[in-house]
Number of protein chains: 2
Amino acid sequence: MAPRSCSVANALEVVGERWSLLALREVFFGNTRFDQIAANTGASRDVLTVRLKKLVAAGVLEKHQYSDHPPRHEYHLTDAGRALHNVLLMFKEWGDTYVTQGPLPLVYQHSCGAVLEPRVVCAHCGEEATLESLSRAPESAA
Amino acid sequence: MAPRSCSVANALEVVGERWSLLALREVFFGNTRFDQIAANTGASRDVLTVRLKKLVAAGVLEKHQYSDHPPRHEYHLTDAGRALHNVLLMFKEWGDTYVTQGPLPLVYQHSCGAVLEPRVVCAHCGEEATLESLSRAPESAA
DNA sequence: CCTCCTAAGTTGGCTTTCCCAACTCACACT
DNA sequence: AGTGTGAGTTGGGAAAGCCAACTTAGGAGG
């Protein structure tokens with residue numbers, strides 16, 4: 001039997017390898033240079049090279065030259081890359097709740113002033129999108 | 001330099017390996033048996049064995065015996081496992097938008113009747129938690 | 001009783017990835 | 001001339017992954 005066709009699997013094909021998401025986390029933090037990403041993630045430089053190439057090829061990052069002499073580069077987020085922030089946010093929330101021991105390494109403040117407690121809601125009604133509140137829509141493919 | 005301490009990294013330690021999230025996806029779909037998970041994810045059986053053991057050890061899944069004679073098992077979600085649904089949801093959303101070609105393999109309907117368009121919001125004010133609306137809170141550790 | 005079947009892994013052998021440290025290259029700085 | 005920095009490359013060994021076949025423990029059919 002062929003494995004299930006699924007957007008989660010498709011997404012993981014692109015950003016599901018080890019270090020990819022952590023590299024993106026660094027870019028979100030503004031650490032856009034190779035050495036910064038390597039140091040802050042702990043990825044080995046050769047693997048990081050491959051991951052960054054793949055992320056650029058996938059349209060998640062763009063490689064920017066910010067100096068001609070000497071040639072120096074920065075990695076910037078595309079729209080697709082920026083859209084991954086929600087994924088990171090959910091990982092962070094889950095890690096905060098179920099994995100991280102002791103004080104949280106990072107706490108976000110929302111522009112409303114409160115400490116961020118993220119919730120996933122339905123854009124249409126604003127109610128939370130819980131596991132129980134979801135069903136397969138009729139237009140789903142077989 | 002030591003890599004950054006981060007709940008995203010911690011979360012990925014637990015569920016970031018290949019096949020882990022896809023195995024969980026299957027359990028969310030109600031495919032709780034080894035062979036179903038293997039067939040629907042495409043993971044090789046030996047790797048899947050290791051992943052499931054790790055997920056059980058991490059408290060994300062529980063192994064249930066549903067028949068004594070012959071011994072048969074099912075994997076069930078714990079609270080921590082159920083909490084990962086948001087992560088899957090965000091991956092699905094991102095994959096739907098930026099990776100999957102053609103018709104979406106799965107569309108969710110929210111209990112309000114609308115097709116689900118998930119949004120991440122601040123639980124306090126209900127406004128969207130965009131990248132720009134977030135800042136590092138003062139209580140964040142160094 | 002003998003054979004086939006299912007569930008849930010195990011095992012062996014091979015291939016691919018990963019990790020680490022050291023090295024390169026191009027340029028600037030002093 | 002020598003040192004430093006950014007951005008990778010390279011080589012070699014260790015670990016993980018993949019596949020197909022095998023096992024174990026017990027039904028079900030004839």
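A, B, ... follow the sequence lines: proteins, then strands. Residue 1 opens every chain.
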What is the distance, to the nearest angstrom, from the [atom1] atom on [X] to the [atom2] atom on [N]?
| X | N | atom1 | atom2 | result |
| --- | --- | --- | --- | --- |
| A/Trp19 | D/dA16 | CH2 | C1' | 15 Å |
| B/Leu48 | C/dA7 | CG | P | 14 Å |
| B/Lys63 | C/dG9 | NZ | P | 4 Å |
| B/Arg18 | C/dC18 | CZ | C1' | 15 Å |
| B/His73 | D/dG26 | NE2 | C1' | 13 Å |
| B/Gln36 | C/dG9 | CD | P | 13 Å |
| A/Arg33 | D/dT5 | CZ | C1' | 10 Å |
| A/Gln65 | D/dA7 | CD | C1' | 11 Å |

**Request:** Flag yes if B/Val120 and A/Leu131 sit in one hydrophobic cluster, no otherwise; membership is Ile, Leu, Val, Met, Phe, Trp, Tyr, and two members link when side-chain heavy atoms are under 4.5 Å apart.
**Result:**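 Yes; tracing contacts between hydrophobic side chains, which count when under 4.5 Å, links both residues.
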**Request:** Please answer: with hydrophobic residues joined when any side-chain heavy atoms are less than 4.5 Å apart, are A/Leu84 and B/Val121 in the same cluster?
**Result:**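 Different clusters.
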Of all the nucleotides listed ([options]), which has the minimum atom distance to the side chain of [X]?
| X | options | answer |
| --- | --- | --- |
| A/Thr49 | D/dG6, D/dG8, D/dC18 | D/dG8 |
| B/Ser44 | D/dG8, D/dC18, D/dA7 | D/dC18 |
| A/Asp35 | C/dT10, D/dA7, D/dT9 | D/dA7 |

**Message:** Taking atom types as they are modelled, would you say the side chain of A/Arg45 forms a donor-acceptor pair with the base of D/dA7 within the 3.5 Å cutoff?
**Reply:**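 Indeed, a donor on one side and an acceptor on the other fall under 3.5 Å apart.
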**Item:** N/O donor-acceptor pair, side chain A/Asp46 with base C/dC20, under 3.5 angstrom
**Value:**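 Under the 3.5 Å cut-off, the side chain and the base do form a donor-acceptor pair.
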**Message:** How about NE2 on B/His76, more than 12 heavy atoms from neighbouring residues, nucleotides or ligands closer than 6.0 Å, or not?
**Reply:**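 Yes, the 6.0 Å shell around NE2 holds more than 12 heavy atoms from other groups.
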**Request:** Considering just the side-chain nitrogens and oxygens of A/Tyr75, establish if one lies under 4.0 Å of OP1 or OP2 belonging to D/dG6.
**Result:**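 It does not, given that no N or O in the side chain of A/Tyr75 lies less than 4.0 Å from OP1 or OP2 of D/dG6.
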**Message:** Would you say B/Arg51 places a side-chain N or O within less than 4.0 Å of OP1 or OP2 belonging to D/dG17?
**Reply:**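 True: B/Arg51 side-chain N/O within range (under 4.0 Å) of D/dG17 OP1/OP2.
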**Prompt:** What are the two closest non-hydrogen atoms of A/Val99 and B/Ala11, and how far apart are they?
**Reply:**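 So the two residues come closest at CG2-CA, 4.3 Å.
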**Asked** Do the rings of B/Phe91 and A/Phe91 sit parallel, tilted or perpendicular, given the 30° and 60° boundaries?
**Response**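 Perpendicular: the ring planes of B/Phe91 and A/Phe91 meet at over 60°.
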**Request:** Could you check B/Lys53 against A/Arg72 and say which one's nearest nucleotide on DNA chain C is further toward the 5' end?
**Result:**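 On the 5' side of the pair lies B/Lys53.
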